[in-house]
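First the structure, in the form of structure tokens, and then the observations on it.
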Amino acid sequence: MKILIVEDDEGKSAALAAFIIEWMPNAEIELARSLTSGLRAALRGEADLMLLDMTMANYDRSLRDDRGRPHHFAGREILRQLQREEVVLPTVVVTQFGRFGEEAEEVTLSELQVELATRFTNYLGTVHYRSNVDDWKDRLKIILDTQFLDGI
Amino acid sequence: MQSNATSARSEFVRERDRIRKTGNVFRGLRRMRLTQDPRLLYRISAFFAADPSYRSFVLPAAFPKRVDELRAHSSPYISSYENEFAWRAGIVLAHAESLSRYVRARRIIENVFLTGDPADVGSLLDDIEADIGTSLWLIENRICFSQATGGHSQRKEFVDTVLTSKAPGIVKQLSLWFSLRCNAAITQTSFDRMLSDLMSDDFGFPFIVNALNGKYYDLKDTQLAEMISYSDNLAVVDQYEILLKVAQIRTCREDHVNDRDDITGRIICELSQAIEDPRLQRIASCYGGTNAQPVMPHQFVDVLDYYANGDYAAIKDITNSLDLNLLTVEHISILSRISYEPNCADTLQILENTGTIAESIAHDLAHILNFSTDALEARQRLQKIILTYCNFSWAASLSLILIRQANDERVFPAERSQRLAALNVLDENPLIAFCLPGEESCVSYINKLRLQHPTSHAISSVAYIAGLAVSDSELASLLDERRTRISVYKATREGNFAESSSLLADLLPTMRARPTRGEAAVQLCHSMLREDDTIGAAELAASLYLESSYFGIVLPIRSLIDQIMVEHNAPFRNSKTRGRKSIAIIFDAYSRLYSSDRDAERADAYKDVLRRDNVDFASELVRSGIDDDTAKLEYFLRYICVPDVLDQSLALDSPKAVEDERIAVLISLNEMLINSNRNSPDELKEEIREIQTRQVVRETSEKLDQSKIYVHVESIRKSFDIVMRDSWNRYQAMKAYTGDTLIENIQRILRTAVGDSVTFLTFGTPLAESRTILTEMVLRIRDQFANNKEFGLNSNLSTNIRHGYILQELRGPLFSRQLVTNKESDSGQYRANNYWLERFDHDEPKRAAVSAKLDKLSRKIDDLIDKLNRHTLRIRSETCPDGLFVYDMTDTDIAIVESRVDKVYSYDDFVDVVISYLWERTQYCLSSIRSTLETSTLSEFIALIDETDLDLREIGVEEHIPAIHTSLSLVKGEMRSAVERVSSWFTLSSSTEYHDYELELAFQAGIRTVKSYYKNVAINETFLKTKPIQMKGWTLPHLARLFFLLFDNAAEHGAAGRDSLRIDVAAESSQNSLYLHLRNDIGSKADLPAVQSKARTINSDYGQTKSIELLGEEGGSGYPKIWKLLRSDLGRTHDLDVSVADGNFNVQILIDSRGVVA
């Protein structure tokens, strides 16, 4: 099973990768760290599951270049593009935030969840991640078990 | 009539007696207004207003001579809409005669503003004031008058007289709003936003402010009642205007108009017979008031007829025979429409050089009605006129013309704004019919006009469009094109879009005149959309938009976007819309003119175009030769393939790649234009130049970042040259003694056998002495290498890294996200973090708790940076035992150096060997520093941020400031980047060669760094030079750092407590000198004496011993570093002077430029 983690926070992506190895030791993990690199990897259509951050910059971090524009809804944009290009890739959104966007664009996590569930067929659910609390793992495990292990 | 009046009088007496019995006149009156039947209130209110005992409660100053005669407070008790309306209408009716005079004067004054000399308005206003007193209306007109005749200062002066008078608050506030409207910097959009903000207070006053400033919200009856009630204490003229606006707002709703029992209608019909005001009569007509007759002057009907016949010469004749003050906006609009026609260039001659508003309107209308490329700006100017004169009836006429272009009331239901404007105009016009609420009102209005002008085919055309019976003979004299157009209007109005599309598609290619052709094209786009012909509509709309971007305002772009979105996400292979350039152009027009909320779809459309043409890069589109529509490709490349769109391409993986692709796009566009024998706009070359300059500055900055670690070796050599040469000669002499080799061999054998525990006593042998000499020489060179005050590593570390750079780089991300604050210079305490704390203004304990945690973060972050600066990024020594630049020289080190020295014979080679060894040590130290920064230091920063996040969660701030947790989370990645950037400075540059360059490059590199550190400060900079100044390449790092130090000072001190900073640099090169003058503003709140004192200190300390001693230390103003850069690194004699003048801090530097200017 190939799992794509699209996440720009290195601490969080390491924690997610560790969780995945525990959940499915044979899983092959690919990491992407921005909207464009995440979208590029997702559109290849090789992954079986994607763990997706919501707020990311346009490009991966590098010393030479800045990361381009920040995107409050980078995860939603990746889901939108996948749907537009008819790529099937079950996706769990893993976010640290309770609110997204600014001013008129601002939405709460629960509002965003409703929107994602309504608009995108790839969307499996959302996990609220906290680096110093472990309950996100239980929530993620339930979603993944339901999607991938129930039939086994 | 007499009996009615008598009856009303007796009703008044009865009610007055009832109030008297209550013993409280005020309460009695309110009770009556709240509870009595509105018809009774309408009949008796005027009696109360006239009665000496009640006048002061009801209408203390109908026509006040001074504003302070008006009552300050209105009643807090507000009754029903019907009661308020009836009560006020009764009072207004009693003053019908005066109000009729007011309406007549108003019309004259408005016309003088439009077509006359504004200076004449003053005496007219004086006359009307003498007749009916002062009022808000008068104040508004005087504000417009003072603006028109004396500009901003005179307007302000007049408004100040109102503000300092004893006028009621409502008058003062409204005066400010009237004045604001006239301000040249206020646009319709910004003013609307301010008015809209006011509406968050849901009570009568904001409703009045909005209505008297041209904004008519669709208010509920209770709100309309409040509006009327809040105008209680105004003059009768203002009460009448507000009553009229209330009636207009209500008349817009068709359900009220159709209700023949509605009290508004019945009362307005009565008022319209008593007060001569076309606006009243029009409302009355909507309610079925049969007596109301629209009066349209014959000469205007003739103008309309001649226009319909195409007889433009006759229009000019009529116009030239008229007095200027009889010109109406509608008449002017006909002149503007034909001004682009052959032989009509002099149509607007009547207005030429009159300096009137009408002249401006005529020229701008000519632009917009002809859909010219200047029409967007012309429309903005017209909107500003409409805003400034929003209560003038001709502004309503003008407004109708503008709105008509996007929503033609002849074919589509009138918008609310069109209905309101139509109710506000004083000059009749057949098209008003289509804006009146209800079909009945429309038909009635047209029929009344037909009765007055039975031979007018212009009016017959309107009747035909409205579906009334019209004979062929009535339309016989129309131009063929006009006849087809009215058939199209009729078909569209009846919903027959297929027929209107077909007629227009045939008609369009034959149309010559830009106004009618443009209107027909817009209408065809509407019809195509109604027929679901998305592609046809998009192609047409895109072509029109390319012709003139003004079409973007009048085309149904929003509806088109909605329709495009239906197919937008359909699979590419099946989609008829995806991949079309026209779709991308429509999304771009929408983004530029309406909203950014479809920018993601614009990027989709861009990618779809590339996909359809099977290319990865837009720059390949020209070479592919696929495109058959050059204009669309040109637009696509120039305006859509911009960085904000290109960065969504998956073929481009960095900002640099995006910039390179943009340059490639511009180059291919340039070639395309040249190949088609067209001139390439200068803007293309300018944009390429700007991008390339940005790239050079960025690359230079990166290279400079990689060359922060250096030692001025040549200067060090000079510092010990004489003493060291002697030592070297002695050392060489001793080494010549061969016995050394034997003893050395014995030492080596013993050490190998028993290890370092063996001790050798040297007894002053030549071997020991030569080692001693060598050690001394190596240590001397090391000390100079590491600690020479001017040229050594420590002073360079201080100048290039520790001073400013580290602090700003590592604090920058936290400061930009408002997570840390600076210290107060006096108290040393951290400034309150008001960005977050102001959300706790009503919860002091929580505010204090949050403040403490944020202060703690600021302090700990600064402590950590301080630790780096003072202890870690230092040469290790007794006073700095944790420094990571370690140059301890053990016996082993000396032995290694010695083994290398044995192979060289000259003094210079010897020094090279030692310096080379010191660089090797430096490399090792740098590796250790990078590792420390990227592991333990980064972890400490992340831990501090996590700790703050946890602290704040424990306090429970998520509900109040959820964004702070988002900021804390996002800043971690930014801190990681910042630490990596700092870490990257600790490398030895592989290339320190720089090409000769223009001085401005060093300026740009310096400003770029400062801007990246002070993201919360908007820094505006200029670089002025009399001619390009070419500098020698080697000076680039030094001058870039010089500019950085100067700008960092400016930002830190000049922008303290402000969010903007202006920096100007002037540079001049003459024979042997380079003169630099930096000037930055210091803000009005700066402590001027303190800054001046600081300037004196800088001047007196500059270049003095005390200051040079501080070179290896951080803090302070940075001027010792500047001295070092100029004197030691650049090696130039120079003068520096700082001063404070005219709110600016000035630094002037004069440098001996020999050897530095190329």
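In this text the structure is predicted, and so the values were computed from the model without any measurement. In what follows, every chain begins at residue 1, and chains take the letters A, B, ... in the order their sequences are listed.
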| message | Taking the basic N atoms (NZ, or NE/NH1/NH2) and the acidic carboxylate oxygens, is any pair closer than 4.0 Å for A/E85 and B/K607? | response | no
| remark: Most heavy-atom pairs under 4.5 Å with chain A, out of B/G973, B/A963, B/P571, B/A570, belong to B/P571
| Counting heavy atoms not belonging to A/K2, are there more than 12 under 6.0 Å from its NZ? | yes
| query | In terms of heavy-atom pairs under 4.5 Å with chain B, which of A/D8, A/L43, A/L39, A/L35 leads? | reply | A/L39
| request: Give, for atom CE of A/M54 and atom OG1 of B/T966, the distance between the pair rounded to the nearest 0.5 Å. | output: 13.0 Å
| query | When you check the gap from the basic side-chain N to the acidic O, do B/D604 and A/R80 get nearer than 4.0 Å? | reply | yes
| said: Using 0.5 Å steps for rounding, measure from the NE2 atom of A/H72 to the CG atom of B/L970. | reply: 8.5 Å
| query | Passes side chain to side chain contact (heavy atoms under 4.5 Å, CB included), A/K12 versus B/K972? Steps please. | reply | CA-CA 11 Å; A/K12 189 175 149 197; B/K972 286 195 279 186; over 6 Å; no
| field | Option that, when pairs with chain A are counted at under 4.5 Å, heavy atom only, ranks first among B/D597, B/L652, B/D705 | value | B/L652
| Minimum heavy-atom distance between B/P655 and A/G68, given as atom pair plus value | CG-N, 4.2 Å
| request: Go through the atoms of A/D9 and report whether side chain, backbone, both or neither lie under 4.5 Å from a heavy atom of chain B. | output: side chain
| Counting only N and O atoms by type, is there a donor-acceptor contact under 3.5 Å from the side chain of A/N58 to the main-chain atoms of B/D647? | yes
| task | Take atom CD of A/E86 as the centre, draw a 6.0 Å sphere, and report whether it contains more than 12 heavy atoms from other residues, nucleotides or ligands. | result | yes
| query | A/R84 side chain to B/H568 main-chain N or O, any donor-acceptor pair under 3.5 Å? | reply | yes
| remark: So, the part of A/H71 with a heavy atom under 4.5 Å from chain B: the answer is side chain
| note | Counting heavy-atom pairs under 4.5 Å with chain B, the top scorer among A/F97, A/F100, A/Y59 is A/Y59
| task | Please indicate whether A/K141 has more than 12 foreign heavy atoms, meaning atoms of other residues, nucleotides or ligands, lying under 6.0 Å from its NZ. | result | no
| message | Taking side chain as everything from C-beta outward and backbone as N, CA, C, O, which of these in A/E77 sits under 4.5 Å from a heavy atom of chain B? Side chain, backbone, both or neither. | response | side chain
| remark: Bottom line for B/D644: the part with an atom under 4.5 Å from chain A's heavy atoms is both
| message | Between B/Q648 and A/R69, does the side chain to side chain contact (heavy atoms under 4.5 Å, CB included) criterion hold? Intermediate values first, please. | response | CA-CA 10 Å; B/Q648 295 308 292; A/R69 285 188 285 161; 3.3 Å; yes
| From A/Q96 atom CD to B/D949 atom CG, the distance as rounded to the nearest 0.5 Å | 8.5 Å
| task | Let me know if B/R578 has heavy atoms under 4.5 Å from chain A in its side chain, its backbone, both or neither. | result | side chain
